[in-house]
Amino acid sequence: MLNEAKNLLNQYFGYTEFRNGQAQIIENVLQKRNTLGILPTGGGKSLCFQIPALLCNGTTLVISPLISLMKDQVDALTASDIPATFINSSLSQLELQERLYDIRRGVYKLVYVAPERFDSEYFIDILNSVHIPLIAFDEAHCISQWGHDFRPSYRSIVSSLKKLNQRPIVIALTATATANVANDIRSLLQIDSDDTFKTGFARENLSFNVVKGSNKRDFIMNYLKQHPNESGIIYTSSRKETDGLYNYLSVQGYSVSKYHAGLAEIERKEAQEQFVYDEKQIMIATNAFGMGIDKSNVRFVIHYNLPKNLEAYYQEAGRAGRDGDESECLLLFSKQDIQLQKFLIEQSTFDEEKREQEYHKLNQMVMYCHTEECLQSYIIRYFDPNELESSCKKCSNCKDTREKVDITREAQMIFSCCKRMGERFGTTLIAQVLKGSSQKRIRELGFNQLSTYGLLRSQTEKEIVDTINYLLTEDYLQLSDGKYPVVSLTEKCIPVLKGEETVWMKKTSAPVRAESERAENQELFDVLRGLRKEFAAEEQVPPFVIFSDATLKEMCRYFPIDEASMLQIKGVGQSKYAKYGQAFTDAIKEFVTSNNLTVKEAPKPLESLVQKIDITEIDIKPSHVLSYEMFTDGFSIEEISVKRQLSTITIQNHIIRSAEEGYEIKWSKIFDLGTEKRIINALNELQSDKLKPLWESLNGEVNYFEIQAVICKNKITLEKQ
Ligand code: ADP
Ligand code: MG
């Protein structure tokens, strides 16, 4: 069979070898198994159903979300002498009737249809009069509401399929499927997880770049100057911006087209053709452009604005370099764009749950712009959290040669400020408090009274925000979903606050000194060093045993002239104060008076600030307890899995762990009495609580989670007795 497939590959498409994944998918379909193929954009998904269609008797149906996509594919097939057509709303009544007539006659090997067509009984009747061996769902993520491009009409095909006399084999194809989306596709289309084929998401010929803080138009002008004669797409997030940039660049003499949903169909068609046929070099467009466009020599894709999520981004950026040649993907980041995406979420008709999910995805998109991890690796791990971190060596992060600097102190200040503000505010306000801003709102909230107020005065607000964003991507901090995301601490902060761990960040300049790190007074340092020497000689110990240099320097910064302020100094505890405190405060007092210095109230050294946050007071809930709480709030395991972006297995383990730790579980939500009895009987018979044999002895009719839960419940009851 596979040999035949290969012959067809050569005969009709002119290729000699299958690409990664194609052969396995085709073979699986030919073995009459429902199949899901997850291949990156440009991976060659179309052939995965076109070749089986040629090898099967009858007519294969292809469900496709976009009219332009259908037409292109049908044109290409027709050009290769493969009888194909499409049925969608662009046809006149006459054309439609002719095509339906030919479908009845079995003229076509492939028929592309828009999903809405399945609502028509008449159409179903026609399908029932011909042999349909295979039905392909192209861009199958459209079927899932977790996907980035959900189409309800896609989903409703599932029930229409039941009306077909014979059930065709199903093949679903997509480039961008998170675990949730893949699960959804599989369960809706009855595809076994063993029949899922996935090649790596990595696109090795693409280099990803995030560009921050530059004037976007200047950047584009510069980029285009450096990349003459290259074909590329610039995506903007609104029609207005597409128009604006189009005008700007055409005035400058660039060869540009534009495409957005506000243009007449004929204009769009013309623009697309000019671009595809290399008559125009640069396409400026909204996300309405691109799906199914098979232009292989796109050398760059620039996102002028932040996309709504990484699925959309990877799909759009992935339109670069389909021919396998090196190509660039650039995202021009500016903070204002986040507001626009939020606005779009607010304006949408999504229900509350979906809205939160969209906010969550948006957050992850923003994190992409702030991470220091390899960008390719970040994207891949977004789609598959089990992937290991790796380095593509060519994204803007991998190429960033700036040194990592120790930002532990800044991090501590940020954590402690966030904590003191009650973990109820967003990035900007936290940055403003640390900056010591005199905004009215800050005064009204009394945040100018906080000990962390103004601690990072020497930095710009933007620098502080950047650091907070970085701490968010590194999971020291977390952002709630929703319109006004709130920053809170995670468990990862604790060792940093305790001074047990260091935080590093890539920065151009050396870390900015905190305001509290004043320069020490060198003269006083000499005086105190002399005093220390006297004590050391007297006690016959090395001087640093009395006080370290660091401690002396701190005294020379803060001029502690009484017991309370002396005890604030790092390295001065009660016992040392008792021995040397008086002598040192006296020496400092004398120095201050004789030099006519005024001692301002010394800002508290950071260590004492940090110590004052009672670490135990930071009640960060462990992950499993969060899942547990959602479970008792009535969410199902699947819902929690979606909300928390963790696998269902992880959530199940969370629930079991919480039960073992003594949290009350409503077991009836997991299993019923009958199931419990069956499992207990099997346990008694087997005399073992090993999961696998137990599961097998129950013929696989109960799932692992139920077994674990029953064992857990009964053990707990036994212990209590
Ligand atoms: P996808 O739908 O996965 O984004 P397409 O099916 O549109 O990708 O294919 C992308 C490009 O790769 C097309 O130009 C196609 O002709 C080409 N292609 C597909 N399979 C092969 C192959 N085995 N060898 C060479 N080129 C291929
Ligand atoms: Mg495709």
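Atoms within a ligand are numbered from 1 in the order they appear, just like the ligands themselves.
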Please enumerate all residues that pass side-chain hydrogen bond (donor to acceptor under 3.5 Å, both in side chains) together with S144, with sequence neighbours excluded. D184
Sorted by chain and number, sequence neighbours left out, side chain to side chain contact (heavy atoms under 4.5 Å, CB included) with N222 holds for Q226
Mind checking what makes side chain to side chain contact (heavy atoms under 4.5 Å, CB included) contact with D194, not counting sequence neighbours? D192
What does the 4.0 Å heavy-atom contact list look like for ligand 1? Y15, E17, F18, R19, Q22, P40, T41, G42, G43, G44, K45, S46, L47, D294, R322
Should K6 and E17 count as an ion pair when the cut-off is N to O under 4.0 Å? yes
Can a donor-acceptor pair be found between the side chains of Q281 and S231 at a distance below 3.5 Å? no
So if I apply the side chain to side chain contact (heavy atoms under 4.5 Å, CB included) rule between V29 and each of N34, L55, L134, which one comes out positive? L134
